[in-house]
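Numbers restart at 1 for each chain; the letters A, B, ... are given by sequence-line order, proteins then strands. All figures in this text were calculated on a predicted structure; none of them were measured in a lab.
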There are 2 protein chains.
Amino acid sequence: MPRVLSSEVSVVDGRKQKVLATLIDDYIATAEPVGSRTLARKYAFGVSPATIRNEMADLEELGYLEHPHTSAGRIPSDKGYRYYVDRLMRPWVLDAEVIEQIRATYRVRVRELQWFIHQTARLVADMTAYPTVVLAPPLREARLWDLRVVAIEPETVVLVLRTDTGIIENRTLALPEGLEAKDVAAMAEDFTVQFRGTPLAQLEGRLIDGLSHQVGSAWRFWEEMLRWLAEAPDEEERVTLGGALNILNYPEFRDVSKVRRVLTFLETEQAVDTLLTLRPEQGIHALIGSETDREDIRDCSVVMASYQLGNKVVGKLMVLGPKRMEYGRVYAILEAVSEELSRVLNWA
Amino acid sequence: MPRVLSSEVSVVDGRKQKVLATLIDDYIATAEPVGSRTLARKYAFGVSPATIRNEMADLEELGYLEHPHTSAGRIPSDKGYRYYVDRLMRPWVLDAEVIEQIRATYRVRVRELQWFIHQTARLVADMTAYPTVVLAPPLREARLWDLRVVAIEPETVVLVLRTDTGIIENRTLALPEGLEAKDVAAMAEDFTVQFRGTPLAQLEGRLIDGLSHQVGSAWRFWEEMLRWLAEAPDEEERVTLGGALNILNYPEFRDVSKVRRVLTFLETEQAVDTLLTLRPEQGIHALIGSETDREDIRDCSVVMASYQLGNKVVGKLMVLGPKRMEYGRVYAILEAVSEELSRVLNWA
DNA sequence: ACTTAGCACTCTGGGCATAGGAGTGCTAAT
DNA sequence: ATTAGCACTCCTATGCCCAGAGTGCTAAGT
């Protein structure tokens, strides 16, 4: 016979909140269902297990807790975690040491986006001890600012591309028969003049109007090169994964098939990509269990953050862990890292 | 009472060889210990299980087979696999289709070493269905050929390095306060003239003699840059891993702790590096189980191959799998790929 | 001298029942 | 409103048994 509870929406009672918070903390720490006795003994509630039991029954009634089976302790439901993340979780303060470690990571002279992305993935994975994914800005949407050609050997050039957002990409290419580096350089200059400001994704289409007077081999070369500008960096390199093996440390992944599901998900670029592009909001967000809407990671949670380039959100980072992940710590780390990354990417 | 056997060194008897070969083939295919009955029934030997049994007992006596326990079938020992790889394995012929797939992978205009390494790791991992590692040439040993500076913004430059072996690396850097791109470009020119032919690893030492007349900020910049030339590309990027998750498909890795051991090994660049560089031979080689001399991959085998740059072996690739891996197939694939990779890296 | 049938023996793994433990939910007393 | 008490449930670990697979040996056959 359920008691009448004051509200479905919120856990009004202060003690209920404390029970829920403590239980979730304990479960996060131990990965074992938590019973009333453990809770009463391990944490100094002024009340007996029986009272806790009643509270827990209520919390279950309200949907914040679940029962694996009759005689096990309780574990948080997705709703429980949600409430915890939104209202109960204590804000986590990072050590000065940790902050310094983040700063130090970016205190370098290198100005390659890809380098920063890599460093970030690794840094966050190491700090959180969860697998981490970083999504690079969509180069397709950036606008052409400058295209340079550097001759290295008679038939080899380095193309250096710079976008309006300051992203610099470069690639070494072989010239086709009959095309000289200085021709290409001249073409690149024309090209820059003509197309500065055009989104990279549109360049391929524009080529037809702009360069159709070129001769055969040159035409093919530009075609190939444009394909690189417009496509390659997006599809292949947008997603960087760090610390994938961290997942193996959590007891919920003692089963290889689960490990495979999750790791495959992380390595499958589209999945992550869609997940990240789904929520373009700023700030730190968590998706808990089924909230992720992905079958493969149904029993995982993700916490994601974004970073900016020129005051515009251009990329994301995401930490994936078991649902009982340490949300507080991860939030704090992601907040610090994404802020620092934004700062440093704007070459401030 | 063991029978007297004609030789310890080699399995003289033709039938013993056939039994051993067939047993290993079957075990490779099924991962289950093979019994005499299965062997006799599944493959048309003209003899009864009892005879097979005797042969198997002899083979065990000789050390080619093992017994997990009394009433299980036999599995090959490391020595058995070794014999199989050296003498019994049928040479595998690749489909024209597969060959074409390999060729197509490299039929591109890109001339970045790192790009080829990545492609190779992925290609081989996909084709063999085992995790694959590719080891890049040790840049430290290459000699400086050309160093270019391309100014991108007032305070940003792209450094393009070319070695005597034709490797091209580039990196985008921020200039320190008070240093202009054209100064750096001029310095780079000097630098090239002065140090062309010097191994990159020695550049750092030489700096002191060669550039000590430079002023403060310039000095620091070059110092930093030289550190990049001499170290960074080696430490960070020498090892590229592809298809790590393939390992999860093999029943011997149903246990997460084994998975972790192996994957951690593969991700530890140093470990892979020493394993591979210790054996500088050309051609395809297998290390079976304990032959790898590494505790973490004691029950794995690796097959490795090398690739060349200017007729000199500069890098390696390696496939890792359970000891019952498909050696024949892997040999064939590695042979084709390493040959093609060498060909294409010499920009022939 | 090799091959093979027969047979006793060994070891593993699945199935099953049992016992212990943890935790609950209810009731009744405080 | 809280709590002690207690019966009840369900999971898990353990021990046991048995079937199945495979062996090794012996003795008989070719």
Between atom CD1 in Ile75(B) and atom C1' in dA21(D), what is the gap in whole Å?
16 Å
What is the distance, to the nearest angstrom, from the NZ atom on Lys16(B) to the C1' atom on dT3(C)?
13 Å
Tell me: CZ of Arg15(A) to C1' of dT2(D), nearest whole Å?
8 Å
Could you check how far CG of Leu23(A) sits from C1' of dG23(C), rounded to whole Å?
13 Å
Pair Arg324(B) + Glu252(B): basic N to acidic O under 4.0 Å
yes
Any side-chain donor paired with an acceptor under 3.5 Å for Asp26(B) and Tyr43(B)?
yes
Roughly how many Å is it from NE2 in His67(A) to P in dC8(D), rounded to a whole number?
18 Å
Is it the case that dC11(C) (base atoms only) and Ser71(B) (side chain only) share a donor and an acceptor within less than 3.5 Å, ignoring hydrogens and angles?
yes
Give a yes/no answer on whether the side chain of Thr70(A) brings an N or O atom under 4.0 Å of OP1 or OP2 in dC10(D).
yes
For Asp78(A), is there an ion pair with Lys323(A) - N to carboxylate O distance below 4.0 angstrom?
yes
Which of dT4(C), dA4(D), dG25(C) is nearest the side chain of Ser48(A)? It is dA4(D)
Ignoring hydrogens and geometry beyond distance, is the side chain of Arg37(A) in donor-acceptor contact with the base of dG23(C) at under 3.5 Å?
no
Just to confirm, is there a sub-4.0 Å distance from OP1 or OP2 of dT24(C) to any side-chain nitrogen or oxygen of Ser36(A)?
yes
Starting the side chain at C-beta, find the nucleotide from dC11(C), dC11(D), dG25(C) nearest to His69(A).
dC11(D)
Examine dT23(D): is either OP1 or OP2 under 4.0 Å from a nitrogen or oxygen in the side chain of Arg74(B)? Give yes or no.
yes
Ring-ring centroid check Tyr130(A) Tyr250(A), cutoff 6.0 Å:
yes
Nearest-Å distance, CG (Asn54(A)) to P (dA4(D))?
12 Å
Taking dT2(D), dT4(C), dT24(C) as options, the one with an atom nearest any side-chain atom of Thr51(A) is dT2(D)
Taken to the nearest whole Å, CG/Asp58(B) to P/dG24(D) is 10 Å
Give the rounded distance in Å between these two atoms: CD of Glu55(A) and P of dT24(C).
13 Å
